[in-house]
Amino acid sequence: MSGEVLINLTPMETRVAVVENGVLQEALIERTRRRGIVGNIYKGRVVRVLPGMQAAFVDIGLDRAAFIHAHEVMPPGTPAEEQQAIGSLLHEGQALVVQVTKDPIGSKGARLTTHLSVPSRYLVYMPDSPHSGVSQRIEDEAERERLRELLDAVQGDMELEITGGFIVRTAAEGVGRDALYTDMHFLLRLWRKVSERKVTAPAPSVIYDDLPLFIRTLRDLRNDEIEKVRIDSRENYLKLLAFAEEFMPEVVMRIEYYPGERPIFDLYSVEDEIHKALGRKVQLKSGGYLVIDPTEAMTTIDVNTGGYVGHRNLEETIFKTNLEAANAIARQLRLRNLGGIIIIDFIDMDDPEHQRQVLRMLEKVLERDHAKTKCTGVTELGLVQLTRKRTRESLEQTLCEPCATCGGRGTLKTAESVCYEIFREILREERAYSAETYMVLASQAVVDRLLDEDSAAVADLETFIGKTIRFQVESHYSQEQYDIVLM
């Protein structure tokens, strides 16, 4: 697999594109004013305890208070029957050291935990956990055992005091002792500084800030995933190079400064792909298409054959469309960063073997996703349901806001519906106030209909109430807006 990372930096924004085989797979965007805070550690203050929800709100210095559940305060691995009430764990005004596990999304505040961890290239250090382990994404049992033995050996050789446990990350597959030793030494020195700040910092304040996006992306990529990293900022190219020389010397030769006049995101048509990812409809090469609808509770994805008629028979046409859709869906989940519950309505297949192959294809392509996904199979209604871990806003939430005209519904009342609302409102006003004349202020489309198709209805209404109704176009009104002025 040929992979490339493109990094575009401006003073207000960092954008990262992950391209595989010439196709955009992920787009990560971080703005200076709304930088992601997942992984940051704060010293906060409890502002409200909610016994009925077994949770509390914590002020960590953001616009909205963050949210922590009781099980995130108890020691890791505490059995459910031993969970304590939130009121016995926390009280209002209490200082609390917490880590962000989910960015604020929409109207929801950040999600927190007291189970702290700090990552490096190959390891994650958990200072409060007595256990160490290896990432489950490393499937080769022999390699897992090698890394366990290596981790134990490095911990035994470490001169600095170790009080917690380590998780070996997926990126460590195939690495040697020196790499793990360097990472462990770095994490222990870093934690010593964080521990000092935990004591001296006021509440609320940040006591550990994760790396900026462009360095974080490099740190979290596996060596075999990427062939080239291009960055269009000379100053940040040098920062990236310095980081790689210290922690990832094997990728130094893959990092390039891009000085071209053509914008870096024009390579591989990244800008066009991001624009397409904001739409509901995704066209498939065969002629079929997907319809993607994110909602508050879940995301639904509908698969359609569209203009694809196939060459053999209907069942074969449906099967090939669903296989292609499975590939496209996995890419769209990564690109749009859709999380939570995802329901997929593939085209109905009569052949059980076709169903199994489509499901296997979906599970296979989802393995390349860095976010944790879990596919629970096909429901009784023939729907495929899966979950994808959500830690930050989706691409749409990052780049867009609800439409000022429709309020985010995606639809508007017709001019006809608005006209009938106006008639009903005039009747209400007449019964309540009985004015001499009524002036209707509305959009051009609504006034045009009142004076044309509904002119007979207007005349009947004037006769019924015995008053004159006048109309005035307000160009800045949306189609649903209107006012009735009593004169």
Side-chain angles (χ1 to χ4, degrees), residues 38-41 68-69 71-83 97-102 111-192 194-195 208 210-211 216 218-225 247-248 250 363 366-375 387-391:
V38 170
N40 287 4
I41 299 175
I68 189 166
H69 195 271
H71 69 77
E72 297 290 359
V73 183
M74 295 286 292
T78 303
E81 60 272 13
E82 296 180 20
Q83 294 281 348
V97 176
V98 291
Q99 188 165 31
V100 177
T101 58
K102 285 186 181 181
R111 289 289 295 270
L112 306 175
T113 183
T114 59
H115 308 154
L116 309 182
S117 64
V118 286
S120 64
R121 172 63 177 155
Y122 300 120
L123 298 171
V124 176
Y125 179 46
M126 301 172 297
D128 301 321
S129 173
H131 305 292
S132 294
V134 178
S135 167
Q136 293 182 356
R137 282 179 175 261
I138 299 177
E139 297 178 355
D140 188 307
E141 195 52 47
E143 175 64 7
R144 292 176 63 84
E145 188 58 36
R146 184 189 75 87
L147 288 169
R148 282 193 204 97
E149 293 174 359
L150 202 57
L151 182 64
D152 290 341
V154 171
Q155 284 181 281
D157 295 344
M158 189 60 56
E159 297 173 1
L160 298 174
E161 181 184 358
I162 302 175
T163 56
F166 292 88
I167 296 294
V168 180
R169 304 183 69 183
T170 313
E173 194 167 3
V175 304
R177 178 194 174 282
D178 290 347
L180 290 190
Y181 185 91
T182 302
D183 263 26
M184 191 177 293
H185 192 263
F186 162 76
L187 287 172
L188 293 173
R189 283 187 293 119
L190 172 62
W191 185 249
R192 182 180 293 174
V194 173
S195 298
Y208 166 74
D210 204 359
L211 295 168
R216 207 162 66 235
L218 185 69
R219 178 194 70 191
D220 294 341
L221 287 171
R222 288 178 52 171
N223 289 342
D224 58 354
E225 287 181 335
F247 299 106
M248 305 170 63
E250 70 280 359
E363 291 170 342
L366 284 173
E367 289 174 1
R368 299 205 297 267
D369 197 336
H370 299 294
K372 185 178 179 180
T373 59
K374 182 181 179 182
C375 188
T387 59
R388 184 174 186 271
K389 188 174 181 181
R390 190 205 321 260
T391 57

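Since we're looking at a predicted model, the values are computed, not measured. Positions are given from 1, in the same order as the sequence printed here.
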>> Does Leu187 form a side chain to side chain contact (heavy atoms under 4.5 Å, CB included) with Phe166? I'd like the steps, not just the answer.
In response: CA-CA 10 Å; Leu187 287 172; Phe166 292 88; 4.2 Å; yes
Those residues that, when tested against [X], pass side-chain contact (heavy atoms from CB on, under 4.5 Å) (two or more places apart):
| X | value |
| --- | --- |
| Glu82 | Thr78, Pro79 |
| Ala153 | none |
| Ser195 | Trp191 |
| Arg148 | Val134, Glu141, Arg144, Glu145 |

Tell me the closest heavy-atom pair linking [X] and [Y], and the distance in Å.
| X | Y | value |
| --- | --- | --- |
| Arg216 | Leu211 | NH1-O, 2.6 Å |
| Ala371 | Arg137 | O-NH2, 3.4 Å |
| Leu147 | Ala172 | CD2-O, 3.8 Å |
| Leu151 | Gly133 | CD2-O, 4.2 Å |
| Val124 | Ser117 | CG1-CB, 3.7 Å |

> For Phe186, what residues pass the ring pair (Phe, Tyr, Trp, His ring centres under 6.0 Å) criterion, not counting sequence neighbours?
Replying inline: Phe247
Can you tell me how far the [atom1] atom of [X] sits from the [atom2] atom of [Y], to the nearest 0.5 Å?
| X | Y | atom1 | atom2 | result |
| --- | --- | --- | --- | --- |
| Glu72 | Leu112 | CD | CG | 9.0 Å |
| Leu150 | Gln155 | CG | CD | 10.5 Å |
| Gln83 | His69 | CD | NE2 | 8.0 Å |
| Thr114 | His71 | OG1 | NE2 | 10.5 Å |

> Would you find more than 12 non-hydrogen atoms of other residues, nucleotides or ligands less than 6.0 Å from Arg177 atom CZ?
Replying inline: yes
> Among all residues two or more places apart in sequence or in another chain, which pass the side chain to side chain donor-acceptor pair (under 3.5 Å) test with Arg388?
Replying inline: Asn337, Asp369
>> Suppose we screen for side chain to side chain donor-acceptor pair (under 3.5 Å). Which residues come up paired with Glu143, at least two apart in sequence or across chains?
In response: Arg146
>> Between Leu123 and Val168, is there a side-chain heavy-atom distance shorter than 4.5 Å?
In response: yes
>> Contact between Gln99 and His115 at the side-chain level, heavy atoms closer than 4.5 Å - yes or no?
In response: no
Check: residues 178-185 side-chain donor-acceptor pairs under 3.5 Å, at least two apart:
residue, atom, partner, partner atom, Å
Thr182, OG1, Asp178, O, 2.9
Asp183, OD2, Ser120, OG, 2.8
Asp183, OD2, Arg121, N, 3.2
Asp183, OD2, Tyr122, N, 2.6
His185, ND1, Arg189, NE, 3.1

> Can you list the residues that meet the salt bridge (Lys or Arg N to Asp or Glu O under 4.0 Å) rule with Arg111, with sequence neighbours excluded?
Replying inline: none
> Is there any ring pair (Phe, Tyr, Trp, His ring centres under 6.0 Å) pair reaching into residues 130-165, and which pairs are they, with sequence neighbours excluded?
Replying inline: none
>> Has Asp210 got a side-chain atom pairing as donor or acceptor with Asn40's backbone, closer than 3.5 angstrom?
In response: no
